[in-house]
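Right, one structure below, let's go through it.
Residue numbers start from 1 in every chain, and the chains themselves are labelled A, B, ... in the order their sequence lines are given, proteins ahead of strands.
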2 protein chains.
Amino acid sequence: MPEDTVHADTPAEARIAAARGSRNDHTRRRNLSSLLTAVHYGGPLTRAQLTRDTGLNRSTIGGLVAELSELGLVVEDAAAETGTVGRPSHIVRPRRDVVALALHADVDALELGAVGIDGAVLARRRANLDAPPTPDDAAAFSWEAAREVAAELGGVRAAGIGAAVPGLVGIDGATVVDAPHLGWRDVALGERLRGALGIPVVVGNDANMGLRAEWSFGAAKGVDTVVYLNGSASGIGGAALVGGRMLRGGRGYGGEFGHMMIRSDGDRCSCGRRGCLETEVNAALLDEAAHDAAALDRFAEVLAAAIANLECAFDPDAVLLAGYLGALFDVRRELVTDQVRAMAFRPDAEDVVIARAALGGNRLLIGAAERAFAPLLRDPAGTALAALA
Amino acid sequence: MPEDTVHADTPAEARIAAARGSRNDHTRRRNLSSLLTAVHYGGPLTRAQLTRDTGLNRSTIGGLVAELSELGLVVEDAAAETGTVGRPSHIVRPRRDVVALALHADVDALELGAVGIDGAVLARRRANLDAPPTPDDAAAFSWEAAREVAAELGGVRAAGIGAAVPGLVGIDGATVVDAPHLGWRDVALGERLRGALGIPVVVGNDANMGLRAEWSFGAAKGVDTVVYLNGSASGIGGAALVGGRMLRGGRGYGGEFGHMMIRSDGDRCSCGRRGCLETEVNAALLDEAAHDAAALDRFAEVLAAAIANLECAFDPDAVLLAGYLGALFDVRRELVTDQVRAMAFRPDAEDVVIARAALGGNRLLIGAAERAFAPLLRDPAGTALAALA
DNA sequence: GATAAAATGTTCCGGGAGAGAACATATACC
DNA sequence: GGTATATGTTCTCTCCCGGAACATTTTATC
């Protein structure tokens, strides 16, 4: 074997899963997780539906729902009118007072929201800024805004806080490795927020969280394989969902499609290379060309080339466009679609749906909250909630 | 929401996993799977090691190993000398008479092998061809070669057969959608082989199976996130392992990095686009330039650009090069490595290992067999083996 | 060479978890 | 109002793992 053969210190995920033995109580945990996850994504569901969806026995579902109810995570309503024969089934719904906080740190604003476990944004605070925020600004704002939001909502319990940042975030979900537009390098934002708020923190790249939101409640709800491109003031962010899992990468830097080379003789990019997607189509260029049809056509073609390349690599079920790329797509929908299909080299290219993202201004808050909810969804009985005074 | 919002008919994998309830016997299945998987990847292991690795109780391991032994999947040897104090632990090893067949259909040859569950290629048959094989050729050869191999080995039991094909294979793992170099389109190879051999069949893209082999037993053993590029007579095949899972894509066509655009003003490719990696570096060009140092440098730079683009998208732990790309890398190792690092825009670029694939001529047979073994590894007690006369 | 210590195999019992049967309950339909 | 249908509830059974107690086998020590 070559000397530079790679061997993992820790076995790959698949092997960990294989290696870890399964004990009897794992079954319970998993089933509790199944139910909470089901009502999280699917909204209020009857116990009968849960029985069918999970394949578990009625009696088991009864016990599980009772436990989730005792944990204060769901409530059971009496059945509404069903329209069908037979005893009506209880309706299980996630409790709205179980929330996650979500912070979005952007170049020109800080925003914090409280998101219910049903995915609804319940309250929000925003601070518009003249200069990019420092990590201290972010922590101070979070503390203040969290207090206000908690007061507004009154007696909610939080699973944690998710923070969306325009930049590279380490695989640890805590360190902002490089956020050039904020001027942050190697910032331990996780620790900072944890210190300020005293609840679990998870930090992530904004594009990743945007896609997560769209996958959970938006235009790509439940789709297995999705490529996502977001155009914003801080460049083009990318993310991908592969087989139902977020593409993370070895260090957490996966999905940086903004620096995909799209024109080998293009302009020099801030990253040092030439013809990156982000230098070929960006906010400034689009603003300049707002009423220049030919220029818009050109940009649309560049976007189409990028999408074609990504389809090549990922063979996605859907490609989602957000921010100014979504706007560009809206005015050049046919051109983009046709170009992508013309450039696709594989069969069934027309199966790939290209669409604009759906969730608008709530997207990042929802996505960040989703990540904060994740541990609770994985282990409902073993994850503590913090009372938010 | 936009009209073209995508909604999956079947929920994404993560949601299926969440939705499917877990029953008590799943625990047993999972633990049997853990043990068989452990000895499959890790070779002979003592029961004590299995106890430590899985975290299960001694007594439980005893019962599980006994069941695997009764199923004829593993044998227990008396302990060798241990050198440590205490009663020596039994050694559990996978039984070599449990095999998978593997077929590689290439433009100029058909090859079939029998691979033990320990990953060793036990026997093989090869037929060199003047013209690309037809599906009938492949089926007839497989039948004949399987008989010979079975006779040579005497009384083995097969989990199934995996077939590696240079082309697009549908997500069903049975249909060759398009293999241009073989001239196959929409060929139900799975059915054909199943009819000929009467054992379970799984068909896959050759690059995918190559990467699987390298991940299981080769240069990327156990690494979580890997990008793989293979140069062969039938072009450049690509594959990626993302978070320990093979990148499949929505239709099964993921990882076609050979058609990634690398020079926007490049030559026209057979796929209709310009400047695909596969047209910029290929076997014919390399042969021509075999002794032209400047040309080799150019090719190395093209390869580096491709790798940089892929690192951007995937942030892999390792990049593996096989076939003529591996050979090119061997003679221009430093140039490729330096160029990739110069073009990488993110921190820690030097963490990414670029290496040549390790398994040589056994790679595809091992990878195809791995896929055939997968169902058995997932559910040792519930998967039947076929006696190979 | 006998004894102690250490590590592992083996056996048996107990507890947790879901399946399923039997019964109870609530609705629609006739 | 009675019946069919669907669901909730309760109880028992089985499966599976953990853990304790004991047996076995090796090394270390006197």
*What is the distance from CG of Asn57(B) to P of dT8(C), rounded to the nearest Å?*
13 Å

_Without decimals, in angstroms, what is the distance between Leu56(B) CG and dC16(D) P?_
13 Å

*Is the CD atom of Glu191(A) crowded by more than 12 outside heavy atoms at less than 6.0 Å?*
no

_Looking only at side-chain N and O atoms, does Ser34(B) offer a donor or acceptor that is under 3.5 Å from a partner on Thr54(B)?_
no

*Is any side-chain N or O of Asn31(B) closer than 4.0 Å to OP1 or OP2 of dC17(D)?*
yes

*Thinking salt bridges, do Arg93(A) and Asp118(A) make one under a 4.0 Å N-O criterion?*
no

_Whole angstroms only, please: what is the CD1-P distance between Ile61(B) and dG9(C)?_
9 Å

*Within a strict 4.5 Å, meaning less than it, do heavy atoms of the Arg212(A) and Arg371(A) side chains meet?*
yes

*Of the candidate nucleotides dT5(D), dA6(C), dT9(D), which contains the atom at the shortest distance from the side chain of Arg58(A)?*
dT9(D)

*Can a side chain N or O of Arg28(A) be found less than 4.0 Å away from OP1 or OP2 on dG18(C)?*
yes

*asked:* Between dG19(D) and Ser59(B), counting only base atoms on the nucleotide and side-chain atoms on the residue, is there a donor-acceptor pair under 3.5 Å?
replied: yes

_In this structure, how many angstroms lie between the C1' atom of dG8(D) and the CG atom of Leu64(A), rounded?_
15 Å

*Hey, are the side chains of Glu76(B) and Val65(B) touching, using non-hydrogen atoms and a 4.5 Å cut-off?*
yes

*Between dG9(C) atom C1' and Ile91(B) atom CD1, what is the distance in whole Å?*
15 Å

*May I ask you to verify if any side-chain N or O of Arg47(B) is less than 4.0 angstrom from the OP1 or OP2 atom of dT10(C)?*
yes

*Separation of Leu50(A) atom CG from dA6(D) atom P, in whole Å?*
18 Å

*Kindly point out which of dG18(C), dT10(C), dT7(D) is positioned nearest to the side chain of Ala48(A)?*
dT7(D)

*Can you check whether Arg87(B) has a side-chain N or O nearer than 4.0 Å to OP1 or OP2 of dC22(D)?*
no

_Among dA7(C), dT9(D), dA26(C), which nucleotide has an atom closest to any side-chain atom of Pro88(A)?_
dA26(C)

*Is the phosphate of dT7(D), meaning OP1 or OP2, less than 4.0 Å from a side-chain N or O of Thr46(A)?*
no

_What is the distance, to the nearest angstrom, from the CG atom on Asp25(B) to the C1' atom on dC17(D)?_
14 Å

_Please determine whether a side-chain nitrogen or oxygen atom of Thr60(B) lies at a distance below 4.0 Å from atom OP1 or OP2 of dG18(D)._
yes

*Does OP1 or OP2 of dG8(D) have a side-chain N or O of Ser89(A) closer than 4.0 Å?*
yes

*Separation of atom NE2 in His26(B) from atom C1' in dT14(D), rounded to whole Å*: 16 Å

